[in-house]
Peer 1: 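There's a structure below that I have some questions on.
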There are 2 protein chains.
Amino acid sequence: MLELRHLRTLAALHETGSVSHAAKRVHLTQSALSHQIKVLQSHYGLPIIQRRGQSIELTDAGKRLVALADKVLQEIQATERDLAKISQQPSGSLRIVLECHTCFDWLMPLMDEFRQHWPDVELDLVSGFHSDPVKLLEEGGADVVIGSEHKRRRGIVHHPLFRFEILAVLAPEHPLRGKRILHAADFAGETLITYPVPEDRIDLILNVLKPSGINPQRRTAELTVAILQLVASRRGVAALPSWGLKNYVDHDYVIARRIGANGLWSDLYASTLKETASRPYLLDFLVTARNTCFATLDGIVPLE
Amino acid sequence: MLELRHLRTLAALHETGSVSHAAKRVHLTQSALSHQIKVLQSHYGLPIIQRRGQSIELTDAGKRLVALADKVLQEIQATERDLAKISQQPSGSLRIVLECHTCFDWLMPLMDEFRQHWPDVELDLVSGFHSDPVKLLEEGGADVVIGSEHKRRRGIVHHPLFRFEILAVLAPEHPLRGKRILHAADFAGETLITYPVPEDRIDLILNVLKPSGINPQRRTAELTVAILQLVASRRGVAALPSWGLKNYVDHDYVIARRIGANGLWSDLYASTLKETASRPYLLDFLVTARNTCFATLDGIVPLE
DNA sequence: CATATCTATGAATGTTATTCATTAGTTCTT
DNA sequence: AAGAACTAATGAATAACATTCATAGATATG
């Protein structure tokens, strides 16, 4: 008989287009999902997915079930929000510190949605640069920090969001365009265009260039589009999350290349105080964040 | 974590207003449901139901979950209809023979709904009296018989619908009004108002009066309202399913009394050919029938 | 006050979802 | 062309947990 677990995996299958990735998404093994799919298929006497070489494709029946899953899971989340509001006062504050500049892309629509669901929660974006943002939590100046920090610290919980790849961005005519993969040495003599943050906040410098003793010139820009514009006009190269690049790459505005053999990856966490972690609106925020990111952002991977 | 099984029991709890009746409805033990409820309550940190002496009452949280359950279960049924249509041609015929006259009450709206869901299925009500309606199935003259017959017969499946109580109906000023329970002897000297069917189709006569050698005068009417009108105007007494009586009893148009210490109960089945039983639209018809009946008809009990 | 009927609960059971270990197929590299 | 690195599928073993059983407490009914 159909159960919600099936719908949850269906949704994950749709998001990821692969059984093993979907498995990570729902915190199960690939085998478990494979068995679930088998049960579903024999229950309805219909194929749900179809192997298409490497990955899989949903059949018509599968798509119909995904449509159901989307609707149902949304309704469940809405219900659970209501239950949370019944069980306690739905007020409080959610002041967000954003360490990852590009994350504005997905955070903005998310905040709009959140405001609708929790009108009584004071929602804010804490602006300005902070050397130790997690400290802000302890000082009571913020409620969530979205960044890649996740070292254990007492009183603090790091909620995993997702892992994403950072790609090198070049102008289409850039001399390095012929290489499929860039290494540290390739950045020597280049100008690196970044957000205006210290070196130790830039993964490329911290994890790739510094260890190789490479120290390119830097130039900063506040906005992602500005960085891309500079790259396209050959003022330098940049390193940005893969998800925000798709549109620009598809239109040949810039090209993107992997950094290092395995790629340069970064993990994103939402950190809160332990006490804050149990607030229903915070949990709802996290769930919604993960859901919308996995649904809209290409190439991201579940964490943990 | 919330699962559909929880939603199914929630819906049943709402329908029946009792844990043990709901348990029968979903084919589980009372204990199983009690455990399920406990899990849900501790999961959400909220009471779902509240004991109110004999029976139970849903809390606000419970009601919210029931609302979810109704919506979700409906969507699932719609999806499964669509899947059935994908897997095979959604055409065929559903010609219904109705042995139970009062059943028109719930069958009419049900047929309207069915027509919307399965526009390509030829839906009909087979009229006229039939001495052996199940034979009609074998002869190909009908597809379902709704009645109380359920003796084993090869090639035939009897799908249980529900059990209902047949109550004696009297005028408010009837001499027998003082008795809480009527017995066979009480019907001696009364005029029995029935549908125009043979004696062996009338449970009261077959199971109560005949065995006691009581043989009251009979008078017939085609429609339930007509029977009630005759009863109210003191032309006789009748025996009708409890569910159709509520409105009339509430308005003191007639009064209803139990027949025999344990009451007179009748079981309703939908009988089909074995081959017909697997047709998706037939299964959908059965599910919908049970659902709407349990949702709208008071005092009916799950069968088997 | 006895009886029938309801719900709650802990322990035992049974079912079944999940993992483990393995095989087979596909893509990409060298 | 062969190997490496991915995929997905499958049967058996395991772990998890839903359900039943047995029972006690509670609440109406007569």
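Residue numbers start from 1 in every chain, and the chains themselves are labelled A, B, ... in the order their sequence lines are given, proteins ahead of strands.
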Peer 1: C:dA17 phosphate, OP1 or OP2: any side-chain N/O from A:Lys38 under 4.0 angstrom?
Peer 2: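 Result: no.
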Peer 1: Quick one: does B:Gln36 reach the base of D:dA18 with a side-chain donor-acceptor pair under 3.5 Å?
Peer 2: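 Counting by modelled atom types and ignoring angles, no donor-acceptor contact under 3.5 Å is found here.
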Peer 1: Are side-chain N/O atoms of B:Gln36 and B:Thr9 paired as donor and acceptor at under 3.5 Å?
Peer 2: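 Indeed, the side chains of B:Gln36 and B:Thr9 share at least one donor-acceptor pair under 3.5 Å.
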Peer 1: Students often get this wrong, so: under 4.0 angstrom with heavy atoms, is B:Ser55 touching a base, only sugar-phosphate, or nothing?
Peer 2: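 The residue B:Ser55 makes no contact with any strand.
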Peer 1: Round to a whole Å and report the spacing from CD of A:Glu3 to C1' of D:dA18.
Peer 2: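 One finds 11 Å between C1' of D:dA18 and CD of A:Glu3, rounded.
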Peer 1: Within less than 4.0 Å of OP1 or OP2 of D:dT10, is there a side-chain N or O belonging to A:Ser31?
Peer 2: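 No, because none of the side-chain N or O atoms of A:Ser31 sits under 4.0 Å from OP1 or OP2 of D:dT10.
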Peer 1: CG of B:Leu33 versus P of D:dT20: gap in Å, rounded?
Peer 2: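 After rounding, the reported distance stands at 9 Å.
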Peer 1: Mind calculating the distance between CZ (A:Arg51) and C1' (C:dA24) to the nearest angstrom?
Peer 2: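 Taking CZ of A:Arg51 and C1' of C:dA24, I get 8 Å after rounding.
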Peer 1: Rounded to whole angstroms, how far apart are CG on A:Leu28 and C1' on C:dC20?
Peer 2: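 One finds 14 Å between C1' of C:dC20 and CG of A:Leu28, rounded.
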Peer 1: With side-chain hydrogen bond (donor to acceptor under 3.5 Å, both in side chains) as the criterion, how do A:Gln77 and A:Thr288 come out once you've worked through the C-alpha distance, each side chain's angles and the decisive distance to 0.1 Å?
Peer 2: CA-CA 9 Å; A:Gln77 213 196 339; A:Thr288 315; 3.0 Å; yes
Peer 1: Has the side chain of B:His35 got a donor or acceptor atom sitting under 3.5 Å from an opposite partner on the base of C:dT7?
Peer 2: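 No, no donor-acceptor pair under 3.5 Å.
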Peer 1: Output the rounded distance in Å from NZ (A:Lys24) to C1' (D:dT7).
Peer 2: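 In whole Å, D:dT7 C1' and A:Lys24 NZ are 11 Å from each other.
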Peer 1: Which whole-number value in Å describes the distance from A:Leu58 CG to D:dA8 C1'?
Peer 2: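 Between C1' of D:dA8 and CG of A:Leu58: 15 Å.
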Peer 1: Measure CZ/B:Arg258 against P/D:dG30 and give the value in whole Å, please.
Peer 2: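 For the pair B:Arg258 CZ and D:dG30 P, the rounded distance is 10 Å.
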Peer 1: OP1 or OP2 of C:dT29 versus the side-chain N and O atoms of A:Arg180: is any pair under 4.0 Å?
Peer 2: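 True: A:Arg180 side-chain N/O within range (under 4.0 Å) of C:dT29 OP1/OP2.
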Peer 1: Base, sugar-phosphate, or nothing for B:Ser34, non-hydrogen atoms under 4.0 angstrom?
Peer 2: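 Base: the residue B:Ser34, judged by heavy atoms under 4.0 Å, touches a nucleobase.
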Peer 1: Under the criterion side-chain contact (heavy atoms from CB on, under 4.5 Å), I'd like the reasoning laid out for B:Thr16 against B:Lys24: C-alpha separation, chi angles, the key distance, then a yes or no.
Peer 2: CA-CA 10 Å; B:Thr16 61; B:Lys24 290 201 190 87; over 6 Å; no
Peer 1: Using OP1 and OP2 only, check whether a side-chain N or O of A:His21 sits under 4.0 Å from D:dT7.
Peer 2: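 Indeed, a polar side-chain atom of A:His21 lies that close.
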Peer 1: Is any side-chain nitrogen or oxygen of A:Thr29 closer than 4.0 Å to OP1 or OP2 of C:dC20?
Peer 2: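 For A:Thr29, the contact criterion (side-chain N or O under 4.0 Å from OP1 or OP2 of C:dC20) is not met.
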Peer 1: Can a side-chain donor-acceptor contact be found between B:Thr59 and B:Gln50 if the only test is distance below 3.5 angstrom?
Peer 2: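 No donor-acceptor contact under 3.5 Å links the two side chains.
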Peer 1: 5'-most contact on DNA chain C: A:Gln54 or A:His6, nearest heavy atom basis?
Peer 2: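 Here A:His6 is the residue nearer the 5' end.
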Peer 1: In whole angstrom, give the distance that lies between atom CD1 of A:Ile56 and atom P of D:dC6.
Peer 2: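 So the CD1-P distance, A:Ile56 to D:dC6, works out to 18 Å.
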Peer 1: For B:Lys246, is the NZ atom crowded, meaning more than 12 foreign heavy atoms sit under 6.0 Å from it?
Peer 2: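 Not buried by this count: 12 neighbours or fewer within 6.0 Å.
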Peer 1: Need to verify one output field. Residue with the more 5' nearest nucleotide on DNA chain C, A:Gln30 or B:Val19?
Peer 2: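 First, find each residue's nearest nucleotide; the 5'-ward one identifies B:Val19.
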